[in-house]
Amino acid sequence: MSEKSSPILLFDSGVGGLTVYDALREVLPGAPVIYAADLAGLPYGEKTEAQVAARVAGLLGRMSERFRPRLVCIACNTASTIALGNVREVLEVPIVGTVPAIKPAAAMTQTGAIGLIGTQATIRQRYVDELEHQFAADKTLLRIAAPEFVGAAEAKLRGEPVDMAVIERVADALRAMPGGDRIDTLVLACTHFPLLADELRLVFGPQVQLVDGAAGIARRIAHLLDGQPMEKTGPNRFIVTGPIDAASGLDAALSSREFSAAAAF
Ligand code: DGL
């Protein structure tokens with residue numbers, strides 16, 4: 001592989017990182033991309049810190065050897081908030097992580113009440129405590145886990161309907177927390193969740209603005225790769241861990257994003 005065709009490797013447990021890919025395509029349309037979905041490990045949000053850290057570091061090590069990426073983006077909040085430090089220590093390529101967009105949310109809120117929806121593993125991370133302390137110490141940040149959203153987003157991208165009751169349950173639980181009725185800004189702290197933006201807008205209403213990190217991450221990647229020659233030698237590649245059947249139903253979502261059909265890692 002020539003240096004020009006060396007890919008950007010986007011990594012997630014599933015299809016959530018495609019929300020980062022969509023933003024990246026806006027700013028770097030000519031970049032060769034390999035998207036890796038660890039479908040055999042999905043969902044990360046229900047795993048322990050040790051399980052996620054070992055899995056992500058191991059897979060990214062093997063993938064970096066095989067694909068020789070120019071940059072790796074961990075397009076997953078759960079993996080980034082747990083394992084970003086570890087992965088940076090063991091890989092030599094630049095690594096960009098995806099962390100909850102608390103900073104922009106704190107700048108946007110008018111009421112001072114911010115909701116944060118993530119996976120079970122993400123919302124308990126010290127990394128999130130630190131972001132809160134640094135950027136939202138004078139705000140009310142209400143965190144809630146919505147593991148069901150991950151499956152709903154995976155299903156939606158395979159053309160299946162979204163069960164609105166799942167979204168309503170989480171919205172009700174968030175609003176019932178002290179200060180929850182004042183929430184005007186919602187951090188989508190899992191890369192799967194922007195895939196449910198239409199449904200979330202319907203349920204939360206127009207007075208609540210949704211924030212995620214995808215555009216900022218895309219800009220960061222473009223900045224780090226500024227000036228590098230890039231050449232695409234074919235469609236982007238979408239690879240999955242585990243049985244390839246787990247990727248069935250994704251054809252339309254992949255081809256509309258200039259990916260070839262899913263392949264096994
Ligand atoms: N997409 C992942 C994230 O951003 C989470 C999905 C999972 O639980 O594996 O946190």
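Just follow the structure's listing: the first ligand is 1, and inside any ligand the first atom is 1. If you read the sequence from its start, that first residue is 1, and numbering goes on from there.
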Identity and distance of the protein heavy atom lying nearest [atom]:
atom: atom 5 (C) of ligand 1; value: C190 SG, 3.4 Å
atom: atom 7 (C) of ligand 1; value: Y44 N, 3.3 Å
atom: atom 10 (O) of ligand 1; value: T78 OG1, 2.6 Å
atom: atom 1 (N) of ligand 1; value: H192 ND1, 2.8 Å

Tell me the contacting part of [X] for ligand 1: side chain, backbone, both, or neither, using a 4.0 Å heavy-atom threshold, strictly below.
X: T119; value: side chain
X: D12; value: side chain
X: S13; value: side chain
X: L42; value: side chain

Polar contact flag, side-chain donor to acceptor under 3.5 angstrom, T78-T122:
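Indeed, the side chains of T78 and T122 share at least one donor-acceptor pair under 3.5 Å.
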With the side chain counted from C-beta on, respond yes when V240 and F265 share a heavy-atom pair under 4.5 Å apart, and no when they do not.
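Sidechains of F265 and V240: no contact.
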Below 4.0 Å from any atom of ligand 1, is there a heavy atom belonging to C76?
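C76: in contact with ligand 1 (<4.0 Å).
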Is the shortest side-chain N to carboxylate O distance from R126 to D129 below 4.0 Å?
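No salt bridge links R126 with D129.
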Taking 4.0 angstrom as the limit, do E154 and R158 come out as a salt bridge?
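Looking at E154 and R158, the cut-off is met.
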Any N or O of E46 closer than 3.5 Å to N or O of ligand 1:
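There is no such contact.
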Ligand 1 and G45, any nitrogen or oxygen pair closer than 3.5 angstrom?
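Yes - when backbone and side-chain N and O of G45 are compared with those of ligand 1, one distance drops under 3.5 Å.
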Among L10, L9, V33, exactly one meets side chain to side chain contact (heavy atoms under 4.5 Å, CB included) together with P69. Which residue is that?
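Only one option passes, and that is L9.
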D212: which of L188, V187, N77 passes side chain to side chain contact (heavy atoms under 4.5 Å, CB included)
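Single side chain to side chain contact (heavy atoms under 4.5 Å, CB included) partner of D212 among L188, V187, N77: L188.
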Is it the case that atom NZ in K103 sees more than 12 heavy atoms from other parts of the structure closer than 6.0 Å?
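Counting other residues, nucleotides and ligands, NZ of K103 stays at 12 neighbours or fewer.
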If the cut-off is 4.0 Å to any non-hydrogen atom of N77, which atoms of ligand 1 fall inside it?
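Listed by number with element: 3 (C), 4 (O), 10 (O).
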F238 and Y35 aromatic ring geometry - parallel, tilted or perpendicular at 30°/60° bounds:
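Ring orientation, 0 to 90° scale: parallel.
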